[in-house]
Protein chains: 2
Amino acid sequence: MNFAGQRQWTAAFSTEALCARILDRHRDTVRVQKPHVAVANLARIIEATLKLSNKQGFHATSLRDLAQASGLSMGGLYSYFDNKRTLLSMILGEVSTTVSEVLRAAPEGTADDPLGHLKWLIETHIRLTEAMQPWFVFAYMEAKSFPAAERRMAVDSEAATEEIFAAILRQGVASGKFAVADIELTASLIKPLLQDWYVKRAKYRKRSTSVEQYIDAVTEIVAATVLPRG
Amino acid sequence: MNFAGQRQWTAAFSTEALCARILDRHRDTVRVQKPHVAVANLARIIEATLKLSNKQGFHATSLRDLAQASGLSMGGLYSYFDNKRTLLSMILGEVSTTVSEVLRAAPEGTADDPLGHLKWLIETHIRLTEAMQPWFVFAYMEAKSFPAAERRMAVDSEAATEEIFAAILRQGVASGKFAVADIELTASLIKPLLQDWYVKRAKYRKRSTSVEQYIDAVTEIVAATVLPRG
DNA sequence: AGAGAAAACGAGCGCTCGCTCGATTTTTGA
DNA sequence: TCAAAAATCGAGCGAGCGCTCGTTTTCTCT
């Protein structure tokens with residue numbers, strides 16, 4: 001992933017691109033045949049869902065609201081999902097598969113450079129959540145009210161991310177480059193630092209904090225924590 | 001605040017004690033006259049509200065659920081609030097006044113000891129959220145769907161807490177005891193470290209992480225971040 | 001051009017929601 | 001002791017929910 005060439009990112013994580021992947025995964029429940037029609041309408045539906053749900057919550061967003069905001073009719077919506085809960089897992093599923101795909105694609109040469117790998121992970125995670133901000137806000141905010149299956153999916157996804165961090169910390173400690181007392185607990189505490197960027201996004205926007213500033217600040221905190229003092 | 005004598009804390013932040021303060025602040029909307037009856041029933045109502053809302057969300061919790069869980073009737077509930085939204089602001093109001101009261105009561109001698117003050121703040125904040133865990137989970141989770149007035153209240157409360165941290169960082173930097181590049185951003189990032197304890201409480205319980213371990217880990221991260229490297 | 005398929009439509013169904021209010025029970029005080 | 005006051009009750013209201021399905025519109029292909 002090259003952060004200088006941001007055009008690739010915005011294209012790869014556009015609503016259209018993400019909805020094309022959702023369509024692939026839900027071909028059986030989407031009753032509209034022609035892919036370009038299906039993707040276009042799915043994009044409108046999901047854009048409306050994210051917009052409304054992030055304001056008032058998914059549960060409080062009615063299908064009538066959704067129909068109006070997406071420009072489809074009540075019945076039209078039901079050509080794209082069989083019930084409201086399915087719409088929810090479409091979005092959640094896309095978030096969790098994307099995050100695990102992206103975070104596992106570390107560049108070469110990080111194998112014996114734990115600090116470099118750690119910095120790459122922090123930057124990539126924050127840039128990804130920036131590119132897919134409404135999606136991450138949605139997944140984070142609605143996670144508590146997910147039905148059991150989707151809830152487990154969210155918890156597992158979070159645990160997987162945490163384990164990626166824990167593995168790097170373990171490797172750094174083993175090679176003597178890091179000094180960390182409680183690896184699991186430290187790995188746990190990195191996550192909320194990354195999440196704050198999209199969870200409290202309004203605050204940072206108001207203060208005009210840039211992504212770069214935010215990445216630097218988190219990187220500095222993590223580095224100060226894991227590097228041996230002296 | 002003495003953490004060794006935890007009996008004082010559990011008494012001061014019991015549901016009954018908190019509901020007595022809520023009653024004071026909402027005497028005009030509670031139609032039941034006798035205080036001991038009003039406090040007892042308010043406690044049952046709010047305990048039920050916290051329990052059900054933290055499982056399924058406040059919006060998804062119906063007043064019929066609430067009536068059954070609290071042992072009152074539908075009509076009975078409405079002797080204690082005039083509408084569902086009022087019930088919400090009762091809880092939110094109690095959380096935000098309590099947190100600001102407690103955090104401002106730093107022990108003497110912290111004026112010229114920024115690191116000591118910082119550590120006290122971290123420990124006190126985490127202990128408070130531990131004592132009032134369901135209340136904080138509720139306030140955090142439901143904040144997004146608050147009506148405008150309550151939402152502003154929540155944002156202001158968060159900003160106030162952050163400013164307390166920022167002030168200490170500023171003082172520490174001024175006296176040369178701390179080295180912090182971006183004071184406001186660093187103060188912002190301390191908050192999510194404290195919040196993770198109650199937001200992801202299930203995770204830490206599963207790993208049997210103790211409050212003390214958690215306090216130590218956060219304290220260590222913050223200290224490593226603000227102290228000059230040397 | 002026009003028939004058959006695909007897509008979109010939206011009024012209406014059963015249901016549950018927040019909330020009310022007259023009836024009923026419990027408490028109070030002379 | 002017993003009537004007035006306080007507290008509680010729960011069936012019932014209109015509104016809005018998720019979802020369906022007979023109908024209409026739009027597209028496709030010869």
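Throughout, protein chains are lettered first and strands after them, A, B, ... in sequence-line order, and every chain is numbered starting at 1. No hydrogens, no waters, no symmetry mates; every other heavy atom, side chains included, goes into these values.
- Rounded to whole Å, atom C1' of C/dC17 lies 14 Å from atom CG of B/N83.
- Taking atom CZ of residue A/R31 and atom C1' of nucleotide D/dC19, one finds them 12 Å apart after rounding to whole Å.
- Regarding A/Y78, its OH atom lies at a distance of 7 Å from the P atom of D/dG18, rounded to whole Å.
- Counting only heavy atoms from C-beta on, A/M74 has its side chain closest to C/dA11 among C/dA11, C/dC9, C/dT27.
- Closest approach of B/W120 to B/A105, counting heavy atoms only: CZ2-O, 3.4 Å.
- Salt bridge annotation for B/E158-B/K191: present, with a cationic side-chain nitrogen under 4.0 angstrom from a carboxylate oxygen.
- Minimum atom distance to the side chain of B/V32 is reached by D/dT8, of the listed C/dC19, C/dA8, D/dT8.
- Put simply, the residue from B/R201, B/Q195, B/K200 that forms a side-chain contact (heavy atoms from CB on, under 4.5 Å) with B/W197 is B/R201.
- Atom CG of B/L77 and atom P of D/dC9 are 9 Å apart (whole Å).
- Nearest-nucleotide assignment on DNA chain D puts the 5′-proximal partner with A/T61, out of A/G75 and A/T61.
- The CZ-P distance, from A/R85 to D/dC17, rounds to 18 Å in whole Å.
- The side-chain tip of B/K84 points at the ring of B/F58 from less than 6.0 angstrom away and within 45° of straight on.
- Evaluated for a side-chain contact (heavy atoms from CB on, under 4.5 Å) with B/L87, the options B/L77, B/D82, B/T61, B/T49 yield exactly one hit, B/T49.
- Counting only heavy atoms from C-beta on, A/S62 has its side chain closest to D/dG18 among C/dG18, D/dG18, D/dC9.
- Contact check on A/E123 versus A/R127 returns a salt bridge, with a Lys/Arg side-chain nitrogen under 4.0 Å from an Asp/Glu carboxylate oxygen.
- Among the nucleotides C/dC19, D/dT8, D/dA6, the one closest to the side chain of B/L63 is C/dC19.
- Across A/I45, A/I91, A/V137, a single residue satisfies side-chain contact (heavy atoms from CB on, under 4.5 Å) together with A/L50, and that is A/I91.
- Per the geometry, CG belonging to B/L66 stands 13 Å off C1' belonging to C/dC17, to the nearest Å.
- Of the residues in residues 37-60 of chain B, not one comes within less than 4.0 Å of DNA chain C through any heavy atom.
- Taking 4.0 angstrom as the limit, A/Y80 places a side-chain polar atom (N or O) nearer than this to OP1 or OP2 of C/dA8.
- A donor N or O paired with an acceptor N or O is not found under 3.5 Å between the base of D/dG16 and the side-chain atoms of A/R64.
- In this structure, NZ of A/K84 is placed 4 Å from P of D/dG18, rounded to the nearest angstrom.
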